[in-house]
Amino acid sequence: MLEVRNLSKTFGGVKAVQDVSFTVRAGTIHAVIGPNGAGKTTLFNLITGIYTPTSGEILFDDASAGGESPDRLARRGMSRTFQNLQVCMNMSAIENVMVGAHLRLGTSLLAGLFRLPGLAKADAECRDEAARLMEFVGVGRYRDAHASQMSYGALKRLEIARALAAKPKLLLLDEPAAGLNHTETAEIEALIRKVADSGVTVVLVEHDMKLVMNLSDHILVLDYGRKLAEGSAAEIRENPDVIAAYLGASA
Amino acid sequence: MRETVLEIRCLTSHYGRIQALHGIDLDVKQGQLVALVGANGAGKTTLLRTISGVQPASSGAVRFRGEDITRLVPEKRVRAGICQVPEGRQVFSPMSIEDNLRLGAYVRRDREIEQDLERMYGIFPILKEKRALPAGTLSGGQQQMLAMARALMGRPKLLLLDEPSMGLAPLLVEEIFRVIRRLKAEGITIFLVEQNAHAALAIADIGYVIETGHTILSGPGPELLHDEQVKKAYLGM
Amino acid sequence: MLSELLQFLFSGLTVGAMYALAAVGFSLIYSASGVINFAQGEFIMLGGMSAALLVQAGVPLPLAIALAVLVAAAAGLIVEKLAIEPAGNSEVVTLVIITIGASLTLRGLAEVFLGKGNHALPAFSGEDPLVIFGATLMPQSLWVMGVTLVVVLALGLFFGRTTLGKGVLATSCNKLAAQLVGINTRFILLLAFGLSAALGAVGGILVAPMTYTSYDVGIMMGLKGFVAAALGGLGSGFGAIVGGLLLGIVEAMTAGYISSAYKDAMPFVLILLILFFLPQGLFGKKATDRV
Amino acid sequence: MKPTTRGFLFLAFVLAVLPLALTNGYYYDLAIRMAINATIAVGLNLLIGYTGQISLGHAGFFGIGAYASAILTSRYGLPSGLALIIGAVATAGLAFAVARPILKLKGHYLAMATLGLGIILSMVVVNETDLTGGPDGMPVDAFSLFGMQIVGEQAWYVVVVLILLLVTRAALNLIDAPAGRALQAIHGAEIAARVAGVDTTSFKVRVFVLSAVVASVMGSVTAHYVGFLTPGVAGFFHSIELVTMVVLGGMASVFGSILGAVVLTLLPQLLSAFEGWETVVFGLILMLTMIFLPRGILPTLRLKFAGRAA
Amino acid sequence: ADPIRIGAVLSVTGPAAYLGDPELKTLQMYVETLNKSGGVLGRPLELVHYDDGSEAGKANGFAKRLIENDKVDFIIGGTTSGATMAIAPLVERAQVPFISLAGAVVIVEPAKKWVFKTPHTDRMAAERVFDDMKKAGLTKVALLSENSGFGQSGRKEAQAVAAKYGITLVADETYGPKDTDMTAQLTKIKGVPGVQAVFVFGLGQGPAVVTKNFAQLGIKLPLYQSHGVASDEYIRLAGAAAEGVRLPSPALPVAAKLPATDPQKKVVSDYAKLFAERWKAEPSTFGGYAYDGLMLATDAMRRAGSTDKGKVRDALEATTNFVATSGAFNMSASDHMGLSLSAFRMLEIRNGDWTLLN
Ligand SMILES: Nc1ncnc2c1ncn2[C@@H]1O[C@H](COP(=O)(O)OP(=O)(O)OP(=O)(O)O)[C@@H](O)[C@H]1O
Ligand SMILES: Nc1ncnc2c1ncn2[C@@H]1O[C@H](COP(=O)(O)OP(=O)(O)OP(=O)(O)O)[C@@H](O)[C@H]1O
Ligand SMILES: [Mg+2]
Ligand SMILES: [Mg+2]
């Protein structure tokens, strides 16, 4: 589904991602872990078109995706959440989720201006669906709230709902459990599992090892922008390099 | 009996008409590490913001070392020694990392700033490496370290931590908790909001559990770890 | 030919230095609050008008200058205290409209109390032009350029070296965090307005001997200052100078070689071109926020 | 019934019964000017309030429409309807051509670029004296369509009110539609919008063109209605005035824009009583409104009543 | 008795405030004065005035207000030609007599039934200057005009009449009303081969800057200004640089220097004195236009014996040899201004003061 070949990205002198290659098979959950500043978020930004790669290739569904704009990639079935919240604070919570469904609705400006038939109906359905999604990620009680009224953790979940609203083929989650306690993390874990079971390929960045180990079919470890290791959860857990660079003794 | 550093009585706070805190009562004694746990939206951040004075209290009182600071402007509270690591890191993005750290010592006039700077670089070497870069270019975890170091540059008497381990790699989480223990050993009073309830309660002298703006439980940290309700709601057991 | 070119250049530098000085004031308030202060031009006007009227009333020039700067600074402080501070955490556009309101109020008050006439101020170092390779330059131009340079250097030191200066920058980029490290953000804003009003007044006083002053000069100076500041990159003192001089020189060259009718339009053509390639102006900082 | 529908019906009702209170030509004149400004403000609000892209150059587009109508009808004898359309098309073309590079800019730089564009346009109007009459301005013939002239305030009132209602309805439709949500998402978090599949550049360009065309058409209408044009209509201050209407009434509020336009059109008339102090009072009102109603008149009041948080 | 309502739309603020402000002051002052002496036709005058902020669109709106809402008997104003032209169609339709205070020729050419004006036209100013140049043998002239209604109208007229006086305009430069430095334009003019004189058409502080820059560049050519600078303020601002500058002007600035036999002497002296006393400010020739307007209006009312709009208009059109600050007015059906070229005096600045030429 996703193939990354010799991908690099530099900012001035900083080599944020260096020569990274890996493959994500459809229908699996793939984790990317690594120390802070290892380049995980940068990798996500490259895959989703927010940054243009300095070199290397990205293939999505066997077609080139490197340097394409985010909205086109979204059209091709990618969706993601952000480590640094990107929520529209000028809108209500549910509208934020509905933005996620943008591509599935009539997006023409003219259609909007003249309220072409069909639009209102589709929109109402979309609203119901968004409400369901909010319930699904656990922010149902904010159904009528404005985004600016939500707490940090709630906003994190709202982003997941927005990403899901796009009905993506490939979902990238950047630290979905940050700011959640163990119980809430377990909920999110179940949620991701459910999403994956519905056939969505998931790539996630997370520092909560329990969640990562429980969920991942495959793990990629980055360190200083390079690939440090790759393998199943069990393999990674035992990898001495990974233990030294990232996990530490306790994990 | 140790001196009570922070004393909160019947504190309420509102965002517009939404009430986020419903009469919080809470005590933090000199040198103690107090942990606060609660679900998303429980009001933890709001409580810390109210203590720092960036969110107005609607009623009730906040006393710091016996003095009523409920209506004090934020900068005076910082001068009095209350420093916060805010939620969402809040670094000064366009400014260099070193400037960020120096700004942490904004209220200080002593000569030991340079020394403290080195100390922070010692704890977080990556910050030293990137000292001249804009803080906005840092990765999420690196920014979290910066926010922590910046607060420590203020030489707090009371340190308010809003989820300091968020977004940090496991090794660094350990490091952060080590730092917290060390600060406690140095006699700094710490008020810790943490989603990693397990780690937080394990090292806390006192733990408080907050739910929709009410404190519903309190007690010695390790004891709370064995509380069934806490286990179920916050520890995922 | 050379003397002509040189004369256009002098003309551009003279006018450009005025724009630069106006731009510095914009940059300063922008640095502290992220707001474009549309009342900046009125501070320039207040400086020039007060000085001119005081001199007319018989006050010696140096004293008149000092008083005029004080008047403008006081106006700046009052605007901040009464209009910007109560607006608190409003959005930037709201604050911008407030500064437009402040600008109208100040101009209106000047109109009512200081009258609509034009006023002159004596040149600081005489009226005999300096002749350089056949081109002429007024000594007052040198004053303007010199003071602009000094002001920008001083501001550079202030922002680069002093804790207070850093505090100003911190306030604009994250007010919450600034409060949490103990910065008195209200004082910072007050300082910024007072300072930039004083700077504006200095500018207004320096240019008054060459351009005359009246209650409505602030509109044009304010606009040109904003343009120069944006051209150079908002928040950059050096950018303000380069932006101002560039603006002045392009105007003069356009008037000299292309068409005086379109001399005011040409800088904007240039600016549009520059912004297409450098969206942060010439020396503006790139946005650094990550996702 | 949706609140917006209710609001729209209320607006239509007010506009329908308003003539009862318009006892002479002057009051009609005021109402017409309000409606014209309100229409422009509603269009501009789509760009500024909803999409978050400031424009300090919209008077330039207004000017294109106005002068296109004036020049094409009086100097080239074109029918006024055709002239209006040519003006609108020219505006759309220009707006489209410049939108892409300009809308890449953010914040004050965007303000700067649009301001520059507006000033260039107004300089052309001032300097091309042979076509535009220069600073002294030029007269404009009456508007006629299929041989029928619009004469008299009553007729104009009907025309501009219909346009206002049409534009308002369309704007309300839009903000309630997916496309409108996309616009607001661009304002709130542009990157998130792009990742959700919103072609942000194209949306910005389209809404920029849309608001420019509305301004242009209203420029044509104003030209014929007033019968005389001076370059001020294309100038910087007019642009500022338009933006002020949007912000004062309330960003991202269609009815707010209308209110803002009404207030800003009415104010100079009311203030004429303050002989010599007009500017001062006007400035003070502007400041006080924004201090006490920081989100603009309508949204702040609505918030106060709905009790939503800051 | 019912007051006679005089409506005025003036540019009291904005770029044209330089003109509109003294105009308003003049009207206010003389309405007071007239009322003190019993009013007109035994009725007091009431001035209803609006400030158009130098915007023609607003002038149009306010004129409508005067006509429809305030129901005035007479309208004075339109400080600028733009404002006047925006008002003209309204008064024509509503049939209200109207005296404009603006300079453009188009206001009265062709004559519109209800529209009159008091100032000399810009064309007359250009003609007067070119006439003087011709006498001095200057034929190659550089034109530097202000980018405002006043300046551009002047530029147009100057271009139109230059040939009549055998004058070639060898340069055509402009500057903005608030520009701060005109050395670029002047340098360009200086470099034009064969240029013999410079003619500046502008208002307010701009021409003073030009004059200073002129001196700074050491240009030795004769410098002519328009009537736009015929005020003491110009001399004060430009200082020594203004020495030798020539310009056409109404009689007002030289009121004291007029020979006792001059028919205008009393009118302008009285006006200047009254204005200075009442407003503690220098009288301005533009205020003089407003004086002329009000006096012509009231004179017409007196002669018509009523405020009936049609009768007042007819009386106004029949005005003969009415001496005011701008000169002696002789209106007719085809001439709604009624001034001759001789109404403009040529002045030169010598020793920091006005000197009446010839
Ligand atoms: N725009 C940029 N300019 C300069 N350096 C950058 C930029 N973006 C990222 N970097 C650097 O690249 C490195 C990788 O950053 P990235 O955000 O990808 O890390 P990460 O693996 O997501 O870390 P974390 O777990 O802390 O979120 C960091 O050292 C960061 O400072
Ligand atoms: N700006 C705001 N406006 C309105 N309501 C708010 C605002 N910020 C927070 N709230 C509400 O106040 C309550 C407490 O929020 P707070 O941010 O303090 O929660 P928290 O315990 O820190 O949650 P989290 O773990 O998600 O950070 C929540 O119900 C939230 O929705
Ligand atoms: Mg990251
Ligand atoms: Mg929180």
Side-chain angles (χ1 to χ4, degrees), chain D residues 22-30 32-34 36-37 59 62 66 119 122-123 126-130 132-142 151-153 219 222-223 225-235 237-238 241 265 268-269 271-280 282, chain E residues 9 12-16 21 24-25 28 48-71 80-90 93-94 102-107 122 145-156 159 174 176-177:
Chain D
L22 303 177
T23 46
N24 64 34
Y26 161 63
Y27 291 128
Y28 266 107
D29 180 65
L30 262 184
I32 291 165
R33 283 169 204 263
M34 284 175 194
I36 290 173
N37 283 334
F62 181 95
I119 288 191
S122 79
M123 295 299 294
V126 171
N127 285 315
E128 295 309 309
T129 325
D130 292 341
T132 64
D136 272 349
M138 71 182 292
V140 191
D141 302 337
V151 274
E153 276 83 13
T222 308
Y225 169 64
V226 175
F228 195 82
L229 271 185
T230 46
V233 299
F237 295 106
H238 191 204
E241 208 179 329
T265 314
Q269 300 289 329
L271 295 185
S272 63
F274 287 88
E275 287 201 21
W277 289 80
E278 290 109 318
T279 322
V280 179
F282 186 79
Chain E
V9 181
V12 185
T13 56
D21 185 56
L24 174 63
K25 289 190 165 125
Q28 287 173 328
V48 186
H49 66 90
Y50 298 111
D51 170 20
D52 65 24
S54 308
E55 278 172 43
K58 277 196 183 161
N60 174 281
F62 280 124
K64 217 169 257 181
R65 186 168 176 181
L66 287 175
I67 296 167
E68 304 266 357
N69 202 46
D70 302 319
K71 309 248 186 283
T80 62
S81 303
T84 300
M85 296 308 282
I87 295 171
L90 299 179
R93 188 148 54 103
V105 179
V106 287
I107 297 170
D122 306 324
S145 57
E146 183 175 284
N147 221 335
S148 62
F150 184 84
Q152 289 312 293
S153 169
R155 168 173 170 262
K156 201 167 73 195
Q159 286 169 335
T174 63

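Just so it is clear: chains get the letters A, B, ... in the order the sequence lines come, proteins before strands, and each one is counted from 1. Only this structure's heavy atoms are used, side chains among them; waters, hydrogens and symmetry mates stay out.
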Do [X] and [Y] make a side-chain contact, defined as non-hydrogen atoms from C-beta onward lying under 4.5 Å apart?
{"X": "D/F228", "Y": "E/N60", "answer": "no"}
{"X": "D/T230", "Y": "D/P135", "answer": "no"}
{"X": "E/D122", "Y": "E/R155", "answer": "no"}
{"X": "D/S272", "Y": "E/R65", "answer": "yes"}

Option from E/V48, E/L90, E/I87 for which side chain to side chain contact (heavy atoms under 4.5 Å, CB included) with E/L66 holds: E/V48
Of all of [options], which one pairs up most often with chain D through heavy atoms under 4.5 Å apart?
{"options": "E/F62, E/Y50, E/F150", "value": "E/F62"}
{"options": "E/H49, E/Q152, E/R93, E/M85", "value": "E/M85"}
{"options": "E/A102, E/A86, E/P89", "value": "E/A86"}

Please classify the contact of [X] with chain E as side chain, backbone, both or neither, using a heavy-atom distance under 4.5 Å.
{"X": "D/Y26", "result": "both"}
{"X": "D/T279", "result": "side chain"}
{"X": "D/E153", "result": "side chain"}
{"X": "D/V233", "result": "neither"}
{"X": "D/Y27", "result": "side chain"}

Please look at [X] and chain D and tell me whether the side chain, the backbone, both or neither of the residue comes under 4.5 angstrom of a heavy atom of that chain.
{"X": "E/S148", "answer": "backbone"}
{"X": "E/A56", "answer": "both"}
{"X": "E/E146", "answer": "neither"}

Can you name the residues that form a side-chain hydrogen bond (donor to acceptor under 3.5 Å, both in side chains) with E/K58, not counting sequence neighbours? none
Do the side chain of E/D52 and the main chain of E/V9 share a donor and acceptor less than 3.5 angstrom apart? no
Between D/A223 and D/A66, the two heavy atoms sitting closest are CB-O, 3.7 Å
